[in-house]
Amino acid sequence: MERFAGQVAVVTGAGSGIGRELARGCAAEGAQVHLVDVNESVREVADELGGVAHVCDVSDPGAVRAVFGGLESVDAAFLNAGVNGVPSMLQDGGALDELPFEAWRRVLTVNLDGLFCCLQESARIMKRQQRGSIVVTASTAGLRPEPRVSYPYVASKHAVVGLVKQASLELAGYGVRVNAIAPGPVVTNIGGTAPRPEAAVAAWENSIPARRWGQPSEVTDLALLLADARSAWMTGGVHLVDGGASALTQVLSSELPGARR
Ligand SMILES: NC(=O)c1ccc[n+]([C@@H]2O[C@H](COP(=O)([O-])OP(=O)(O)OC[C@H]3O[C@@H](n4cnc5c(N)ncnc54)[C@H](O)[C@@H]3O)[C@@H](O)[C@H]2O)c1
């Protein structure tokens, strides 16, 4: 029996990485999938899955309204679109006194404003239908500081966690659940399509008790569970899937910038 037979799922950021895998998972379980992405390549993924592509910038409220406004019902909304691409405090240009305001805003605009727009539209539909599950892709960088990740990424994901918990309070009484997954380092395009420097890959690996990066499919099973009836009593949660990374103290003071005292 397919888990999502007859259901409608929306996946944002579905053109690549975790979102593409989420869309695959939904389609494999029988859902009609609406794939949202700012990148035209989402059309290919939608064709492959027999889903519907929507080329849309999640941070454009009008465009998001147009996508959700065309849907009669939504059973599961996977609000996953996100960006980084900004240097961390350990990289050139990423320190507090160097980071351009424009870079800060670019990440906040997609990761936070974009989530808000999609959350609002999902809530409008799900409150009306008195059911639904919203699953947001947060990050371990939303649960604690991470000097190897940019300021706006860490700040946006902390805000995402707050938004998920706050929304879960309002929506629970309408039969709508809101949860987040918090992945650790996963092999996707979020850091760009160029191969990552070997030293950086190894340093990250060394901070993961499982001793390797995750694959998108290792993250999406958890998200799919949060959308199906077996998790009916789960809401307002932020669920780690990180190879144990959060259980380990990751960064030594000797690795931080600045003179040693
Ligand atoms: N890869 C990781 O290590 C990791 C870890 C924790 C959390 N995450 C989160 O997972 C989510 C998915 O990222 P990923 O790792 O699969 O990266 P990815 O770059 O492979 O996929 C992100 C997708 O989002 C789309 N996107 C970007 N801006 C958009 C916009 N304005 N409107 C619509 N779509 C937009 C991109 O085109 C891309 O297809 C993000 O929220 C990210 O923060 C990733």
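Atoms within each ligand, like the ligands themselves, are counted from 1 in listed order.
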Task: Proximity to ligand 1 by part of A138, non-hydrogen separation under 4.0 Å - done: backbone
Open item on the list: Side chain, backbone, both or neither: which applies to C56 and ligand 1 if a contact is any heavy-atom pair less than 4.0 Å apart?
Closed with: backbone
Show the atoms of ligand 1 that are less than 4.0 angstrom away from any heavy atom in [X].
X	value
G17	16 (O), 20 (O)
T137	9 (C), 10 (O), 11 (C), 41 (O)
D57	30 (C), 31 (N), 32 (N)
P185	3 (O)
V83	27 (C), 28 (N)
N189	19 (O), 20 (O)

Say whether [X], considering both its backbone and side-chain N or O atoms, lies within less than 3.5 Å of an N or O atom on ligand 1.
X	value
S59	no
P183	no
S139	no
S16	yes
Y153	yes

Task: Side chain to side chain, V176 and S133, heavy atoms closer than 4.5 Å - done: no
Task: Check: R20 and P216 side chains under 4.5 Å, non-hydrogen atoms - done: no
Task: Verify same cluster id: L115, V10 (apolar side-chain graph, 4.5 Å) - done: yes
In terms of residue, atom name and distance, what is the protein heavy atom nearest to [atom]?
atom	answer
atom 32 (N) of ligand 1	V58 N, 2.9 Å
atom 13 (O) of ligand 1	I190 CD1, 3.9 Å
atom 5 (C) of ligand 1	G184 O, 3.2 Å
atom 22 (C) of ligand 1	G82 O, 3.8 Å
atom 24 (O) of ligand 1	G13 CA, 3.4 Å
atom 14 (P) of ligand 1	T188 OG1, 3.4 Å

Closest approach of [X] and [Y], non-hydrogen atoms and distance?
X	Y	answer
G237	V164	O-CG1, 4.4 Å
P183	I18	CG-CD1, 4.5 Å
L224	G25	CD1-CA, 3.9 Å

Open item on the list: Given 3.5 Å as the limit, does a donor-acceptor pair link the side chain of S231 with the main chain of L226, or not?
Closed with: yes
Open item on the list: So, taking the atom named OG1 in T188 and the one named CH2 in W213, what distance separates them when rounded to the nearest 0.5 Å?
Closed with: 8.0 Å
Open item on the list: To the nearest 0.5 Å, what is the distance between NZ on K157 and CG on L143?
Closed with: 11.0 Å
- [ ] State which residue, out of L79, L119, V136, fulfils the side chain to side chain contact (heavy atoms under 4.5 Å, CB included) condition with V160.
- [x] V136
Open item on the list: Against I134, only a single residue in S122, S168, C118 fulfils side chain to side chain contact (heavy atoms under 4.5 Å, CB included); can you say which?
Closed with: S122
From [atom], work out which of [options] has a heavy atom at the shortest distance.
atom	options	value
atom 12 (C) of ligand 1	L22, N80, T193	N80
atom 37 (O) of ligand 1	N39, T140, I18, D37	D37
atom 30 (C) of ligand 1	V38, N111, V186	V38

- [ ] Examine ligand 1 and decide if any of its atoms is less than 4.0 Å from a heavy atom belonging to K157.
- [x] yes
Open item on the list: With no hydrogens and no angle check, just 3.5 Å: does a side-chain donor-acceptor pair link N84 and S150?
Closed with: yes
Open item on the list: Within the 3.5 Å criterion, strictly below it, is a donor on T193 or N189 matched to an acceptor on the partner's side chain?
Closed with: no
- [ ] Using a strict cut-off of less than 4.0 Å between a Lys/Arg side-chain nitrogen and an Asp/Glu carboxylate oxygen, indicate whether R212 and E205 qualify as a salt bridge.
- [x] no
